[in-house]
Amino acid sequence: MKHESVWMATSQRRAGRSIPGDLSVDVCVVGAGIAGLTAAYQLAVAGRTVAVLDDGAIGAGMTQMTSAHLSYAIDDFYFELEKLHGLEGIRLAAQSHRAAIDRIEAIAAAEGIDCDFSRVDGYLFLAEGDETGTLEKELDAVNRAGIADAYMAEKAPFGRAIRYPRCGQFHPLRYLYGLADAIERRGGAVYTGAHVDSIEGTEVRAGNVKVRCRDVVVATNVPVNDRFALHTKQAPYMTYIVGLRVPRGAIPSLLAWDTGDPYHYIRIAPCEDDDVLIVGGEDHKSGQADDQPARYARLEAWTRARFPMAGEVVLQWGGQVMETIDYLAFSGRNPGDEHVYVHTGDSGMGLTHGTLGAMLIADLITGTPNPWAALYDPGRKPARAVSEFLSENLNVARQYAKHFGGGEVSAPHEILPGEGALMRRGAHQIAVYRDPSGDYVERSAVCPHLGCVVQWNRTEKTWDCPCHGSRFDAQGTVINGPANRDLDAAAERRKQPRAA
Ligand code: FES
């Protein structure tokens with residue numbers, strides 16, 4: 001069994017160009033995931049010169065970890081969304097998510113991108129133990145949102161379910177590679193291995209290189225330009241996925257979700273000569289659980305109980321989801337900036353949110369009116385989501401107490417090879433990783449964003465910050481913002497005074 005996503009297993013990792021030196025362009029996009037590349041593509045089509053910068057490969061952040069559902073079935077439910085955003089809000093949410101799927105289909109067709117895009121139906125079915133009225137309540141709200149073609153299917157694949165026609169699925173990495181090619185064909189450029197150190201106004205710095213531009217788009221999953229404001233309105237959650245081999249065609253192509261919290265999500269993807277049944281769920285707040293093997297085991301058991309034809313588990317992987325306090329992404333002008341735009345808060349619908357956010361930001365930059373602007377405005381103050389705001393920020397406040405806790409081990413040799421653990425050294429919490437050969441890597445366990453203590457993730461082999469979504473690999477190298485630098489060196493052991 002491999003620990004990687006089905007998209008990584010079925011495509012070659014792709015880098016962009018190396019950045020040649022200082023640049024001057026109309027728009028600099030930071031982040032080569034779905035939102036960044038779609039924004040760059042939209043702007044290149046509109047005649048702007050664009051440069052995309054990313055420190056990793058194309059799509060190598062959270063886009064490659066998605067389960068790749070293209071859905072307009074809001075995963076926090078339309079009836080809940082309506083309480084926060086009203087009737088007009090749910091209508092615009094439905095319209096924008098459907099438009100995102102249409103846009104992906106149109107781009108793939110226009111640019112000849114071989115990404116297995118297809119239309120499939122989605123099904124929302126009752127989770128075990130959920131009250132039976134949930135589906136009826138949701139269908140009423142879905143219809144009020146203007147989705148007239150959704151209906152209750154009495155004999156859906158999982159029993160009674162709301163059927164959402166014309167959702168979609170594709171191979172997200174192959175789509176991004178095609179987008180990158182299309183950007184380059186229009187004179188834009190995608191630079192990888194280019195870590196952005198700072199964004200000052202409209203000057204972006206990556207090492208010694210300066211990129212000057214009229215507008216900046218920050219699409220780094222979690223923004224690296226904003227230290228505080230947006231991070232109080234969203235919270236990071238880890239989600240886990242298993243991929244089980246099934247004979248080709250044994251399960252029809254579909255998307256499905258149950259009504260649980262956290263919920264399960266299902267789709268099928270081709271892999272070699274078979275299909276892979278992809279099932280995800282078991283979410284938890286990032287950096288606040290250490291039982292990942294048990295979570296994968298529960299996902300497998302849940303899957304086998306419903307799909308007796310499923311074979312071996314061939315893949316498993318985890319990804320991080322940014323849940324906003326009012327269930328919708330933040331896309332638009334960065335609060336307080338005239339020419340800096342931001343997209344974040346995928347809320348479990350990263351591919352449609354990333355695409356619609358990119359369409360919206362491109363419209364804002366080109367001065368094209370867009371009816372979704374207020375709904376997704378990063379500066380919005382969701383007064384009706386105040387209890388969610390308080391609960392997430394109290395949770396963050398509690399994380400600071402970990403500075404004063406004992407370590408998980410008292411000496412490095414207590415850590416098994418391939419594992420990590422926190423160890424107290426005087427006043428400091430140290431993140432210690434023991435590599436498979438038995439060597440130790442020690443780093444400060446204090447997240448360089450705003451100082452929370454990171455936690456070891458046993459299956460992803462990462463240090464995850466429980467506060468705002470920063471993640472670091474086993475060696476302490478930053479792989480996800482808002483932190484924009486690696487974990488610091490560990491505090492040295494204090495020398496023992498010599499005996500007199
Ligand atoms: Fe904010 Fe770690 S992500 S303190």
Side-chain angles (χ1 to χ4, degrees), residues 30-31 33 55-56 61-62 65 195-199 218-239 283-290 318-325 329-330 334-335 342-347 350 378 388-405 408 420-422 427-433 442-457 460-491:
V30 184
D55 58 0
M62 283 307 110
M65 299 304 194
H195 179 83
V196 169
D197 300 300
S198 67
I199 301 164
V218 182
T220 49
N221 184 250
V222 187
V224 293
N225 59 317
D226 172 76
R227 231 172 131 63
F228 194 71
L230 273 175
H231 306 301
T232 62
K233 298 197 286 186
Q234 59 180 357
Y237 286 76
M238 286 299 298
T239 187
D283 305 10
H284 65 79
K285 194 95 189 274
S286 294
Q288 298 186 29
D290 61 358
Q320 184 165 269
V321 175
M322 297 306 297
E323 293 287 359
T324 66
I325 58 171
F330 296 112
N334 194 50
V342 68
H343 174 82
T344 188
D346 52 82
S347 300
E388 200 68 15
F389 175 86
L390 288 174
S391 131
E392 291 296 3
N393 285 288
L394 274 174
N395 179 293
V396 167
R398 278 198 295 273
Q399 302 313 312
Y400 287 94
K402 290 190 181 155
H403 281 276
F404 309 106
E408 294 162 327
L422 295 178
H428 306 282
Q429 288 281 15
I430 311 292
V432 185
Y433 170 61
E442 292 189 0
R443 290 279 177 267
S444 165
V446 178
C447 174
H449 175 230
L450 289 174
C452 289
V453 174
V454 297
Q455 173 76 39
W456 179 245
N457 185 316
E460 310 314 301
K461 306 294 179 201
T462 52
W463 296 103
D464 298 345
C465 182
C467 289
H468 314 106
S470 295
R471 299 179 69 210
F472 307 84
D473 71 11
Q475 320 289 328
T477 305
V478 64
I479 53 174
N480 211 84
N484 200 20
R485 62 183 170 84
D486 304 340
L487 292 177
D488 288 334

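In this chain, residues are counted from 1 in sequence order. Order of appearance sets the numbers: ligands from 1, and atoms from 1 within every ligand.
- Closest N/O/S atom of His449 to atom 1 (Fe) of ligand 1: ND1.
- Scanning all heavy atoms of the two residues, the minimum distance from Pro482 to Val222 falls at CD-CG1, 3.4 Å.
- Within His468, the N/O/S atom positioned nearest atom 1 (Fe) of ligand 1 carries the name ND1.
- Residue Leu450 has at least one heavy-atom neighbour below 4.0 Å for each of these atoms of ligand 1: 1 (Fe), 4 (S).
- Distances below 4.0 Å separate heavy atoms of Ser470 from the following atoms of ligand 1: 3 (S).
- Backbone or side-chain N, O or S atoms of Cys467 do not reach atom 2 (Fe) of ligand 1 at under 2.8 Å.
- At least one heavy atom of Gly451 lies less than 4.0 angstrom from ligand 1.
- Not counting sequence neighbours, Phe330 has no partner by the ring pair (Phe, Tyr, Trp, His ring centres under 6.0 Å) test.
- Listed for the Asn484 side chain is a donor-acceptor partner under 3.5 Å among the backbone atoms of Val196.
- In this structure, Gln455 and Gln288 have side chains that are not in contact, with every pair of non-hydrogen atoms separated by 4.5 Å or more.
- Residues meeting the salt bridge (charged side-chain N to carboxylate O under 4.0 Å, His left out) test with Asp290, sequence neighbours left out: none.
- For the cysteines Cys447 and Cys465, the sulfur (SG) atoms lie at a distance of at least 2.5 angstrom from each other.
- Between the SG atom of Cys465 and the SG atom of Cys447, the angle taken at atom 2 (Fe) of ligand 1 works out to 110° after rounding to 10°.
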